[in-house]
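Reading through the structure tokens given below for one structure.
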Amino acid sequence: MADEHVEEFDSRDLAQMRKKIASWFRNAQRDLPWRVERNAYRVWVSEIMLQQTTVQAVVPYFERFMKQFPTVEALAESEEADVLRLWEGLGYYSRARNLRTGAIQVCEQFNGQVPKQVDQLLEIKGIGRYTAGAIASFAYNQPAPILEANTLRLFVRLLAYDGDPKSAAGQRQLWALAERFASCRNPAKVNEALMELGALVCRVSAPQCDACPLKSSCRAFLSGRQEELPVLQKRIAVTRVVDACVAIQRKNKWLVRQRTSEERWAGMWDFPRFSVESVDHDGKLTPAISRRLHEEVRQTLLRDWNVTAEIHDDLMEVRHTVTRYRIRLLALIANWQEGSPSDGEIRWVTTQQLAELPLSVTARRIADWLHERHTS
DNA sequence: AATCCGGGGGA
DNA sequence: TCCCCAGGATT
């Protein structure tokens, strides 16, 4: 049973398939900013941003990032907070911190040149098997394999692989096929064409098999199973929680804290925030519940934050999801009376200064709300 | 092998 | 609502 799928294609099949997708790619490829102007640094930055993130979401972030940090050296000399500010809203913020660390690594270990060997690329923080193969092949035309969301779906369908493609056995076979595809004279074009075909034609839902240059080789299409594959595991169920967040005012400044490396949104700034038990998940904020909320926030601020504050009635609600949590966030405004948090880094900042700090997405919404209240 | 890490868009 | 996205690091 081992590897029987990969042997579906012999070397002649593969040569034909490469030729077909390369031809298709010439006409169908999108003009993406990291393709129009290409160097190893731009490929690297784009690949990191694109991890688990759609092309559409990345494009504006990539443009801004390259404007501010056009070279590896510029990024290596940056402040982490400035990189995080540019990353704000994109998610998976460890990518930003690792990318900056990686830039320093490249300057110190590799003389400022992004390496072209996969094993050297793998030494760089934040670069794994896929990204190493992507940089090596796209930027240097090295025959390095890639396997990611688009090519995984494409390969699973080509092979009609009906096991779990994320399992060890599945990964081994799919990487083996990727390796064979990339073993050619033009791996940059072949790899990119495979990805683009997966993205534009071999889509998750409603794949455009009629327009696919590989349909005559696709076992899923030939057996009518393209909509059923790949077979992926179910996701972890979401948990609903209610959080509270307090914007504490002292004259014209607001209390913010930097989230620690142990927390979510590490390195980003946030208003004091914590889980509240006294509010029902979906209940409306009746006056009684609102009083309970005020009381719990007041007590928590005193107990866990060493701050006494007078809480106002102003309240805004933000709903968001993060990983497996669906969060209902209730943001309150309070007047500082005394005390100061002893945990982590604290700053008192104006709404103007908030604009320059990297904030959690919810904190940004609240900051905008404060700014609007203040100026109206 | 499982789990964590985000946020947005499409169906 | 649910599902997915040019994955990697940690446990």
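Protein chains get the first letters and strands the later ones, always in sequence-line order, with residue 1 at the start of each.
With DNA chain C read from its 5' end, the first of the two nearest nucleotides for A:Ile124 and A:Trp34 is the one closest to A:Trp34.
When the P atom is used for both B:dG8 and C:dG8, the distance is 23 Å, rounded to whole Å. C:dA6 and B:dC4 have their P atoms separated by 23 Å, given to the nearest Å.
Residue A:Arg203 places no side-chain N or O under 4.0 Å from the OP1 or OP2 atom of B:dG10. Residue A:Arg264 has a polar side-chain atom (N or O) positioned under 4.0 Å from OP1 or OP2 of B:dC5. Regarding contacts with the backbone of B:dG6, every side-chain N or O of A:Trp87 stays at 4.0 angstrom or more from both OP1 and OP2. Between A:Gln51 and C:dG7 there is no side-chain polar atom (N or O) within less than 4.0 angstrom of OP1 or OP2. Dashed line: the shortest gap from a side-chain N or O of A:Lys125 to OP1 or OP2 of C:dT10 is under 4.0 Å. At B:dC4, none of the side-chain N or O atoms of A:Tyr92 fall inside 4.0 Å of OP1 or OP2 (strictly under the cut-off). Between A:Thr53 and C:dG7 there is no side-chain polar atom (N or O) within less than 4.0 angstrom of OP1 or OP2. Phosphate contact (OP1/OP2 of C:dG8, side-chain N/O of A:Arg129, threshold under 4.0 Å): absent.
Nucleotide C:dC3 holds its C1' atom 14 Å from the CD1 atom of A:Ile236, rounded to whole Å. The CD atom of A:Gln56 sits 11 Å away from the P atom of B:dA11 (whole-angstrom rounding). Atom CZ in A:Arg30 sits roughly 13 Å away from atom P in C:dC5 (whole-Å rounding).
Just one of A:Arg257, A:Arg259, A:Gln258 meets the side-chain hydrogen bond (donor to acceptor under 3.5 Å, both in side chains) condition when paired with A:Asp270; it is A:Arg259.
Considering only the side chain of A:Leu232, C:dC4 comes nearest among C:dC4, B:dG7, B:dG6.
A salt bridge is defined here as a Lys NZ or Arg NE, NH1 or NH2 lying under 4.0 Å from an Asp or Glu carboxylate O, and A:Arg319 with A:Glu317 meets this definition. Look at A:Arg225 and A:Glu228 and you find no salt bridge, because none of the NZ, NE, NH1 or NH2 atoms lies under 4.0 Å from a carboxylate O.
Note on A:Leu90: a base of the nucleic acid sits closer than 4.0 angstrom, heavy atoms only.
Interatomic distance, A:Glu192 CD to A:Arg35 CZ, rounded to the nearest 0.5 Å: 4.0 Å.
Side chains of A:Tyr140 and A:Gln117: no donor on one and acceptor on the other come within 3.5 Å.
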